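Heads up, the thing below is written out as structure tokens.
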There are 2 protein chains.
Amino acid sequence: MNKPKILILGAGYGGMISATKLPKYLGKNEATITLVNKHNYHYQSTWLHEPAAGTLPADRARILIKDVIDTNRVEFIQDTVTLINKDENKVVLEKSGEIDYDYLIISLGFESATFGIKGMKENGLAIENLNSVRQIREHIEYQFSCYHCTEKKEDERLNIVVGGGGFTGVEFLGELANRIPELCKEYDIDRKLVRIINVEGSPSILPMFDKELVAYAISRLESKGVEFKFGYLIKECLGNKVIIEKKSTKETEEIMAGTVVWTGGVRGNHIVEDSGFDVVRGRVNVTNQLRVPGYDNIFVIGDCANTPDPNSDRPYPTTAQITIQQALYLSKNMPKVLNGEDYEPFVFNNMGTVASLGHGDAIGIIFGKTKLKGTSAAAMKKIIDDRYLLKLGGIGLVLKKGKLNLLSK
Amino acid sequence: MNKPKILILGAGYGGMISATKLPKYLGKNEATITLVNKHNYHYQSTWLHEPAAGTLPADRARILIKDVIDTNRVEFIQDTVTLINKDENKVVLEKSGEIDYDYLIISLGFESATFGIKGMKENGLAIENLNSVRQIREHIEYQFSCYHCTEKKEDERLNIVVGGGGFTGVEFLGELANRIPELCKEYDIDRKLVRIINVEGSPSILPMFDKELVAYAISRLESKGVEFKFGYLIKECLGNKVIIEKKSTKETEEIMAGTVVWTGGVRGNHIVEDSGFDVVRGRVNVTNQLRVPGYDNIFVIGDCANTPDPNSDRPYPTTAQITIQQALYLSKNMPKVLNGEDYEPFVFNNMGTVASLGHGDAIGIIFGKTKLKGTSAAAMKKIIDDRYLLKLGGIGLVLKKGKLNLLSK
């Protein structure tokens, strides 16, 4: 009669795959499953660079949770987690109060990390969630709309500084470079007046790709008008400019910019740290069975977990791909967990990585070594995006929210 | 050999009708015609409430000048007028320097007049031109996009105060009331949180309409969520609020609002005043032949003119309708002007007035007394809008930029 209660926190990639797959591995009488999320929707955090630039409607990057989960099997509570009371097996929610669990899956996702850069939190914008990217899109558009309305035209207002040349930063640059000509047309602004400037501390972008692909990405982005400042750190972000420092010489300079978007770092959701878990950058060092050391009934997956890589001293990088695999792994092994049986450690199977450079262009590595660039990589990116939707909600979801033109639209 | 030079300043309703009609009344050898305008486009100033609210793409409210004028007959100069040197028959342009004329048609349009309301010029937005309405649209949308991004939700951010209950104010309120639900959907905001507040000094709106139509307009707008503050003056406009004063009691109160749009007054273009013409609110008291007293070769039409109404002590109100009739009148009589002949005084033929209350709704009076409201008035409004396009650029322009669904789109 006392069915074990499985509680999933967060409806990102990890939470959503868990909520849709657990019912397939567990019978109705074996466990109750509850999903808590602060919004009534799930969004694709790997697509956020598109609505941020305004090249994809924000609504296309989200899915109503109840359209995907089986509400006969999974109870959905729309509420915000404020604390995990791990020693009493309870979670505190903002509106609904306390909720208890027997097994907890923490999949609360990432937050932007500004590493204490002065003013970045206050004056910079982050590609963090659907709310923040809609704000980025509108902030940029508002700057453009103001351009012809001031007594003296302020060209700096049009400049956009993107901090960080990692995955998100580069994908955003690609979309932005495509979007700017449209904005210039809408607001009667000469494209030459608009600068897109990427500031990156290391000597190049996208460390996960080899030199040839990176060179291709840089040249493609430069041809679309992106300027790169490699080897520079952002020291301070003010309302209308950033102060950057050349790492080698410590010389500083200013870049005037009406918009500053920070993509230079992420960390695990602060709730995990606030709840007293041992964390590194907000992430729990989980066991190879994705358990929290000392708390066998608590699992952490996705961006709040440092997952041991058996072939390396360092944990796996946190990506959507690994999160989805973790959720699938955990769902499959949950019957064993409930029975107190042992199960195989988690091993990440790297299917490859594709970074978009804007519509129709991308770079990628698949099957461990096959390099792709240009349209073939862009097509692969869409396949990856749609494959996730297929996994999550079947072909209906792919047709509704997918990126491949499967139906003539 | 020395053909008289006719110079038209401004490509609003008056300038555009003049530039398209003058060549029909004057032979190629009778005069040269030059049109100066600061943009390469003409925009429909009576449509501005729509792009301001975001219910019509801004580009739909404009027409490229060279798509409409006959460039074999009319020389177009894209430049900004800085001064009219009326005693030397010269006009000073920002980039091209001086240009001389034998006959001058001043049709430089209106500007917003804030009557010295403290902070209104700095913190309020005006429905003034295409640049300013794109900024209004984006300002409102930016406020909505910020709502979910602040630590504490600031409901006041969503409030929109519209100052003035005249034609433009009311038409803007109608569009805004239609637009807000769309914005709420896009930004996940409860419609009930958003206030649209009209502040009007007189006891009602739209003084040009009778009580029955005004009551209909108020009730329709209230049903769409517009609040009216009649008998209140805006005393001060700050960044995030307005201070209003009840006229009867002089009591003041504050209304918090993230957006303030001022529609409470207009005046003639400041260039006319700057050039030393005798003006009242930037408008020249022209003769009944639309001439500037003392300057027989200078004509003023549209919003820079106070045109005598033979049946009243007061000049005609400035509207697009009267401006178009003035431009037609002047074009037709220009052969007589060039020959030094006398011609009949200008008489305004009031075809009626229709005020939009948002998509599918309006109030109007046509043929002097027929009252219209609801869909019939809305249809009449579209007919009026399209009739102007027909006059300006023929059926092709109606199909391209018109509002009636003449072709299935």
Side-chain angles (χ1 to χ4, degrees), chain A residues 37-41 43 51-52 54 56-62 64 78 80 94 111-112 121-151 153-154 157-158 182-190 258-259 261 270, chain B residues 37-41 43 51-52 54 56-62 64 78 80 94 111-112 121-151 153-154 157-158 182-190 258-259 261 270:
Chain A
N37 193 60
K38 68 168 140 183
H39 304 122
N40 65 351
Y41 59 84
Y43 60 87
L56 185 82
D59 199 52
R60 277 285 303 281
R62 68 173 162 186
L64 280 180
Q78 189 185 338
T80 302
E94 199 174 86
E111 291 177 357
S112 173
K121 221 177 151 154
E122 297 75 22
N123 301 311
L125 300 166
I127 296 181
E128 205 168 20
N129 53 49
L130 221 49
N131 288 327
S132 83
V133 298
R134 288 187 299 213
Q135 189 186 29
I136 291 172
R137 178 191 68 196
E138 293 308 316
H139 184 92
I140 294 169
E141 190 151 357
Y142 184 53
Q143 294 289 1
F144 275 65
S145 80
C146 292
Y147 183 69
H148 285 298
C149 297
T150 52
E151 199 92 26
K153 306 244 183 292
E154 297 157 352
R157 190 186 274 284
L158 305 173
E182 292 173 17
L183 284 175
C184 287
K185 199 173 165 215
E186 168 69 20
Y187 294 101
D188 304 319
I189 290 168
D190 182 352
T259 306
V261 178
H270 67 280
Chain B
N37 193 59
K38 70 168 139 182
H39 305 122
N40 65 350
Y41 59 84
Y43 61 88
L56 184 83
D59 198 52
R60 276 287 301 282
R62 69 172 161 185
L64 280 180
Q78 188 185 340
T80 302
E94 199 174 87
E111 291 177 357
S112 173
K121 219 176 152 155
E122 298 73 23
N123 301 311
L125 301 166
I127 296 182
E128 204 168 22
N129 53 49
L130 221 50
N131 289 327
S132 82
V133 299
R134 288 187 300 213
Q135 188 187 29
I136 290 171
R137 178 190 70 197
E138 293 308 316
H139 184 91
I140 295 169
E141 190 152 356
Y142 184 53
Q143 294 290 1
F144 275 64
S145 79
C146 292
Y147 182 70
H148 285 298
C149 296
T150 52
E151 198 91 26
K153 307 244 183 290
E154 298 157 352
R157 190 187 273 283
L158 306 173
E182 292 173 17
L183 284 175
C184 286
K185 199 173 166 215
E186 168 71 20
Y187 294 101
D188 303 319
I189 289 168
D190 183 351
T259 306
V261 178
H270 68 280

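Naming convention: chains lettered A, B, ... in sequence-line order (proteins, then strands); numbering from 1 in each chain. Being a predicted model, the structure only gives us computed values, none of them experimental.
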Check your understanding: About how many Å separate CZ of A:R134 and OH of B:Y187, when rounded to the nearest 0.5 Å?
Key -> 7.0 Å

Review point. Rounded to the nearest 0.5 Å, how far does SG of B:C149 lie from CG of A:L125?
Key: 8.5 Å

Review point. What option among A:N40, A:I136, A:D188 has the most heavy-atom pairs under 4.5 Å with chain B?
Key: A:D188

Review point. Can you name the ring pair (Phe, Tyr, Trp, His ring centres under 6.0 Å) partners of A:H39, sequence neighbours left out?
Key: A:Y41

Study note, to complete from the structure: Rounding to 0.5 Å, atoms CG (B:D59) and NZ (A:K185) come to a distance of 7.0 Å

**Study point:** Under 3.5 Å donor-acceptor, A:T80 side chain and A:E94 backbone
**Key:** no

Check your understanding: Side chain, backbone, both or neither: which part of B:E128 has a heavy atom under 4.5 Å from chain A?
Key -> neither

**Study point:** residues 137-147 of chain A: residues contacting chain B (heavy atom under 4.5 Å, by number)
**Key:** A:R137, A:E138, A:H139, A:E141, A:Y142, A:S145, A:C146

Check your understanding: Ignoring hydrogens and geometry, is there a side-chain-to-backbone donor-acceptor pair from B:E111 to B:H270 under 3.5 Å?
Key -> yes

Practice item. Decide if atom NZ of B:K153 counts as having more than 12 heavy atoms of other residues, nucleotides or ligands within a radius under 6.0 Å. Key: yes

